2 protein chains.
Amino acid sequence: MIQNLSEHQREQLQEALAHGGQKVTPQREIVYSVLLAKRDHPTVDEVFNRARESMPGLSLATVYNCLETFVGCGLVRQVNHERESTRYCPNLAPHAHFRDESTGRVHDIELPEHVLSTLRSILPNGFETDSIEISFHGHTKNSRNHNSN
Amino acid sequence: MIQNLSEHQREQLQEALAHGGQKVTPQREIVYSVLLAKRDHPTVDEVFNRARESMPGLSLATVYNCLETFVGCGLVRQVNHERESTRYCPNLAPHAHFRDESTGRVHDIELPEHVLSTLRSILPNGFETDSIEISFHGHTKNSRNHNSN
DNA sequence: GATAGATTTTGAATCATTCTAAACACCAAC
DNA sequence: GTTGGTGTTTAGAATGATTCAAAATCTATC
Ligand SMILES: [Mn+2]
Ligand SMILES: [Mn+2]
Ligand SMILES: [Zn+2]
Ligand SMILES: [Zn+2]
C-alpha cells in the first residue's frame, strides 16, 4: 500500500535533509512516503500505524524523530487544532486548513497571494511577520468527497 | 491588585452565564476579573496565580472549570499556539493574534470585516464556515510597548 | 432546617509528547 | 579488518497540561 518515493521525491527528501547534515534513512523514507501517499493530515499515531505496515520494527519514537526532523528542514508542516494531537502536512504551497467539525477531517485551502498581502496589511507598524496561520472551522456540505487523496 | 468588576462587567458575566442556567459565583467573578485586569492572554496557571492573590483557597481545578464555562458561554476565547498551554482572551471583537517569538507575548490584531470576507471568499463551494482563526508569528520591532494593558 | 442541584475542592488518571540511555549503522582512519 | 566517531533508532521512563471522580460545600427552595 505504501509505494516508494519517486525519483523526484527522494531527491527532495535527500536535498532537504542534506542542509542540516542529515541523511536519508529507510525509516525517514517510509515516514515521508506515508505522508505523501495519503494527504489527510495524519497524527503521529496514524503515521506510525501506516508506516509499520511496511516496516514492522519501526518505533513510535522514531516516527516522532522523523517528523520533527522534517518540520525542522521545512519539508513538512505541523497542523494543530486546539489541543488535539498534532497532524502533519507535506503540502508546501501556501495554504490554510479547513477543519470539518462533523468528520474531524482537515482540508487544504489554497491561499492566493493577494489574501496574504491583505492580511499582512492589517498589522500595525513594528510587527514583523515570519508566518501566518489560518484555520477555518465548519462543516462541508455534500459537494463531492473533498478529496484527501 | 485585582479590582472588582464594574457594574457593566458584572452584568455581562451574569447575563452570559444565565443562558446556560449558570450562576455568578465568587470564584467566577475573580477569574473573570483577572482576565479583564491584564489582557495579556494568560495561561491557566497564570490566571490561577493571579486569582489566588485575592482568594487564597481557590483551586486550580476551579480555574479550569471557570474558564471552560466562560468559553462555553462565549465570554472568553481560547488561544492556542502549537501545543503550548492554552491561553485565554476576553476580547470579544473579531481579532487575530500575533505571537512574538522572541518574548512569547501574544498581541491582539484588529480584524476588519473586509479581511474576513476576503478570507471567506477563498473557500470552495460546499465549505460552510463557523469560525476563522488567524495567527501571525514574528517579532515586534521596538515601536513602543505594544501595550498589553 | 431538610433536600436537591450546582459548584468547588483534592487528588488521581490520562495521554501526547519529550527525554534518557543503550544498541545500531555507517564511514573513514589506522 | 579493527577502531573511533557521529548520527540514528529503539524501548522505556518521565513530563506536564488537562481531565476525571468523588467527596465536601453552597444555595435556593419546600
Ligand atoms: Mn456547524
Ligand atoms: Mn524571526
Ligand atoms: Zn495542509
Ligand atoms: Zn486576543
Side-chain angles (χ1 to χ4, degrees), chain A residues 13-34 41-52 54-73 75-89 104 106, chain B residues 13-14 16-34 41-52 54-73 75-88 104 106:
Chain A
L13 175 59
Q14 130 76 29
E15 164 74 13
L17 288 169
H19 282 280
Q22 296 171 297
K23 294 188 288 246
V24 177
T25 66
Q27 288 87 346
R28 286 174 179 161
E29 265 193 60
I30 303 241
V31 169
Y32 189 45
S33 73
V34 162
H41 304 88
T43 61
V44 174
D45 266 304
E46 288 166 342
V47 174
F48 179 46
N49 288 316
R50 294 175 198 176
R52 252 198 307 197
S54 347
M55 186 183 270
L58 182 68
S59 79
L60 178 59
T62 297
V63 175
Y64 272 101
N65 291 340
C66 291
L67 291 170
E68 181 186 52
T69 299
F70 296 161
V71 170
C73 67
L75 251 192
V76 162
R77 277 174 59 181
Q78 286 188 322
V79 181
N80 291 290
H81 176 257
E82 292 169 9
R83 304 205 85 255
E84 289 177 11
S85 309
T86 299
R87 296 175 174 277
Y88 291 84
C89 173
V106 175
Chain B
L13 175 59
Q14 131 75 30
L17 287 169
H19 281 282
Q22 296 171 298
K23 294 188 288 241
V24 177
T25 66
Q27 289 87 347
R28 286 175 179 162
E29 264 193 61
I30 303 240
V31 169
Y32 188 46
S33 75
V34 162
H41 304 88
T43 61
V44 174
D45 266 304
E46 288 166 341
V47 173
F48 179 47
N49 289 316
R50 294 176 198 177
R52 250 194 315 191
S54 345
M55 186 184 270
L58 181 68
S59 79
L60 179 59
T62 297
V63 176
Y64 272 101
N65 290 340
C66 292
L67 291 170
E68 181 185 52
T69 299
F70 297 162
V71 170
C73 67
L75 250 193
V76 162
R77 277 173 58 180
Q78 287 188 321
V79 182
N80 291 289
H81 176 258
E82 291 168 11
R83 302 206 87 255
E84 290 177 10
S85 310
T86 299
R87 296 175 174 278
Y88 291 84
V106 175

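Not measured: the values here are computed from a predicted model. The sequence lines fix the lettering, A, B, ..., with proteins before strands; numbering per chain opens at 1.
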Could you tell me which residues satisfy salt bridge (charged side-chain N to carboxylate O under 4.0 Å, His left out) with R87(B), sequence neighbours excluded, listed by chain and number? E46(B)
Which part of the nucleic acid does G57(A) contact within heavy-atom distance under 4.0 Å: base, sugar-phosphate only, or nothing? sugar-phosphate
Could you list the residues that satisfy side chain to side chain donor-acceptor pair (under 3.5 Å) with R83(B), not counting sequence neighbours? none
I'd like a table of atom pairs between the protein and nucleotides 18-25 of chain D - only N or O on both sides, under 3.5 Å - with the distance next to each one.
| from | atom 1 | to | atom 2 | distance (Å) |
| --- | --- | --- | --- | --- |
| dT18(D) | OP1 | R83(A) | NE | 3.3 |
| dT18(D) | OP1 | T86(B) | N | 2.9 |
| dT18(D) | OP1 | T86(B) | OG1 | 3.0 |
| dT18(D) | OP2 | Y64(B) | OH | 2.9 |

Would you mind reading off the distance between M55(A) atom CE and dT8(D) atom P, rounded to a whole angstrom? 15 Å
Rounded to the nearest Å, what distance is computed from the NE2 atom of residue H81(B) to the P atom of nucleotide dA17(D)? 16 Å
If we only count heavy atoms from C-beta on, is the Q22(B) to T69(B) side-chain gap below 4.5 Å? yes
At less than 4.0 Å, is any side-chain N or O atom of Q22(A) found next to OP1 or OP2 of dT6(D)? Yes or no. no
According to side chain to side chain donor-acceptor pair (under 3.5 Å), who are the partners of R77(A), at least two apart in sequence or on a separate chain? H95(A)
Sequence neighbours left out, what passes ring-ring contact (aromatic ring centres under 6.0 Å, His included) with Y32(B)? Give chain and number order. F70(B)
Suppose we screen for salt bridge (charged side-chain N to carboxylate O under 4.0 Å, His left out). Which residues come up paired with E84(B), at least two apart in sequence or across chains? R99(B)
Side chain to side chain donor-acceptor pair (under 3.5 Å) partners of E29(A), counting only residues at least two apart: R10(A)
For atom NZ of K23(A) and atom C1' of dT8(D), their distance in whole Å: 9 Å
Please confirm whether the shortest side-chain N or O distance from T25(A) to OP1 or OP2 of dT9(D) is below 4.0 Å. yes
Going 5' to 3' along DNA chain C, which are the first and last nucleotides with any atom under 4.0 Å from a heavy atom of chain A? dA16(C) to dT18(C)
Under 4.0 Å between a side-chain N/O of S59(A) and OP1 or OP2 of dT10(D), yes or no? yes
Can you list, pair by pair, the side-chain donor-acceptor contacts under 3.5 Å of residues 59-66 of chain B, counting residues two or more places apart and other chains?
| from | atom 1 | to | atom 2 | distance (Å) |
| --- | --- | --- | --- | --- |
| S59(B) | OG | T62(B) | N | 3.2 |
| S59(B) | OG | T62(B) | OG1 | 3.0 |
| N65(B) | ND2 | A61(B) | O | 3.4 |

